[in-house]
Amino acid sequence: MKLIFLGPPGAGKGTLAVRAVGILETARGAPHPHISTGAIFRAAIAAQSPLGLKVKAILDSGRLVDDQTTVDLVRERLGREDAREGYILDGFPRTIPQAEALAGFSPVDRVLNFDIPDESVLERLGGRRVCRACGHNFHMIFDRPKREGVCDHCGGEVYTRDDDRPEAVLKRLEVYRAQTAPLIDFYRVKGLLIDVDARPGVEQVVENFTKALGLPG
Ligand code: AMP
């Protein structure tokens, strides 16, 4: 099953995508990689690769990387063997041109639109911490690491993303509204969109979208 997880920053797409991978792989008996363009860019920045050097200032500011660079990256990733039966796209597409490009090389089955008000986004992202090594998300109120600054899963360093600082969060929300929110209608008119209320806790949201996709819970 080929899925897009759509929604503003802080809707929980990354955490929910990790859960969806397990559910889909069990239901379908095939790999369904979680593909986060943001995580790919952050890994490139950490590795100081040419891509990382090109996109670092853009990510720090909360603006979007250009469509061509992003689409080329996703086209290459979706062409790999493990994405043949399905995948979860998290953070892509983020513009209409990206969505049109994707439709040309890998049409998706469903788009989950995770809906959440701006106040909740600010609260969630203000407390978010991320493991530099494995990318696991923590939250200083809802899900603290057992040891301050250390990942429970791999022992890596837990840090605050530069773009989770308040000024970058406001920019990311503004960019979301202007450039990404139009995708909601783009996919709705194609009959692909499923609205999911992202305000409840993770377990409830997982149950709701699992049902909506007709997957065994
Ligand atoms: P995320 O982890 O999805 O919040 O993405 C972090 C940052 O990576 C964004 O604020 C953008 O600067 C960049 N980025 C991620 N996905 C895309 C995309 N599909 N198009 C353009 N820029 C992106």
Side-chain angles (χ1 to χ4, degrees), residues 2-18 20 33-47 49 51-78 83 87-106 108 111-114 116 118 120-139 158-184 186-187 198:
K2 299 178 176 176
L3 298 178
I4 291 170
F5 276 22
L6 191 64
K13 300 186 297 295
T15 303
L16 297 165
V18 171
H34 166 207
I35 299 170
S36 155
T37 39
I40 295 172
F41 289 136
R42 282 188 292 281
I45 291 169
S49 69
L51 173 67
L53 296 175
K54 176 164 140 185
V55 302
K56 181 172 184 343
I58 301 173
L59 262 79
D60 284 351
S61 73
R63 286 174 296 120
L64 295 184
V65 175
D66 68 279
D67 287 336
Q68 189 67 52
T69 302
T70 312
V71 165
D72 286 350
L73 189 94
V74 173
R75 189 189 288 110
E76 187 279 324
R77 180 63 189 88
L78 296 188
Y87 49 74
I88 297 157
L89 283 174
D90 161 14
F92 181 94
R94 256 182 161 95
T95 64
I96 298 277
Q98 290 181 11
E100 284 169 343
L102 178 67
F105 61 81
S106 186
V108 297
V111 179
L112 298 188
N113 174 37
F114 293 101
I116 186 161
D118 287 0
S120 310
V121 166
L122 294 172
E123 180 187 63
R124 286 186 181 190
L125 294 185
R128 179 160 77 177
R129 302 290 182 273
V130 185
C131 173
R132 215 182 271 286
C134 74
H136 188 88
N137 280 346
F138 295 92
H139 194 281
V158 172
Y159 78 115
T160 306
R161 278 171 48 171
D162 285 341
D163 61 353
D164 280 346
R165 282 175 289 106
E167 56 294 1
V169 169
L170 289 175
K171 182 70 193 169
R172 286 161 69 206
L173 270 174
E174 184 192 316
V175 167
Y176 174 79
R177 270 191 227 102
Q179 303 201 52
T180 308
L183 292 177
I184 297 172
F186 177 91
Y187 286 119

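Basis for what follows: all heavy atoms, side chains included, without hydrogens, waters or symmetry-related copies. Residues take their numbers from the sequence shown, with the count starting at 1. Remember, it's a predicted structure, so these values are computed and weren't measured experimentally. Ligands are counted one by one from 1 in listed order, and the atoms in each one are counted from 1 as well.
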Worksheet item: Taking atom CG of D90 and atom NE2 of H34, what is their separation to the nearest 0.5 Å?
Response: 3.5 Å
Discussion item. Counting only heavy atoms, tell me which of K171, R42, R161, R63 gets closest to atom 10 (O) of ligand 1.
Written reply: R63
Item to complete: Give the atoms of ligand 1, by number and element, whose distance to some non-hydrogen atom of D163 is under 4.0 Å.
Response: 6 (C)
Discussion item. Please work out, at 4.0 Å between heavy atoms, whether the side chain, the backbone, both, or neither of T70 comes within that distance of ligand 1.
Written reply: side chain
Discussion item. For atom 22 (N) of ligand 1, what's the nearest protein heavy-atom neighbour? Residue, atom name and distance, please.
Written reply: V65 N, 3.0 Å
Discussion item. Working to the nearest 0.5 angstrom, can you tell me the gap between F114 CZ and I116 CD1?
Written reply: 11.0 Å
Worksheet, complete the sentence: When K171, R172, R177 are each screened for side-chain contact (heavy atoms from CB on, under 4.5 Å) with V175, the one that passes is K171
Worksheet, complete the sentence: Closest to atom 7 (C) of ligand 1 among protein heavy atoms sits L59 CG, 3.6 Å
Worksheet item: Is a donor on one side and an acceptor on the other found under 3.5 Å between the side chain of R77 and the backbone of I35?
Response: no
Worksheet item: Quick check: does A39 get an N/O under 3.5 Å from an N/O on ligand 1?
Response: no
Worksheet, complete the sentence: Closest to atom 19 (N) of ligand 1 among protein heavy atoms sits G91 O, 2.9 Å
Discussion item. A side-chain contact here means heavy atoms from C-beta on lying under 4.5 Å apart; do V74 and Q98 qualify?
Written reply: no
Discussion item. Given 3.5 Å as the limit, does a donor-acceptor pair link the side chain of R124 with the main chain of G10, or not?
Written reply: yes
Fill in: atom 23 (C) of ligand 1 - nearest protein heavy atom and its distance
F41 CE1, 3.7 Å
Worksheet item: Just going by heavy-atom distances, which of R94, K13, R172 is nearest to atom 1 (P) of ligand 1?
Response: R94
Worksheet item: What atoms of ligand 1 come closer than 4.0 angstrom to any heavy atom of Q98?
Response: 18 (C), 19 (N), 20 (N), 21 (C)
Discussion item. Distance under 4.0 Å to a non-hydrogen atom of T37: what atoms of ligand 1 satisfy this?
Written reply: 15 (C), 16 (N), 17 (C), 19 (N)
Worksheet item: Closest approach of L6 and L183, non-hydrogen atoms and distance?
Response: CD1-CD1, 4.0 Å
Worksheet item: Just by distance, do the side chain of K54 and the backbone of S49 share a donor-acceptor pair under 3.5 Å?
Response: no
Discussion item. Which of the numbered atoms in ligand 1 are under 4.0 angstrom from any heavy atom belonging to F92?
Written reply: 19 (N)
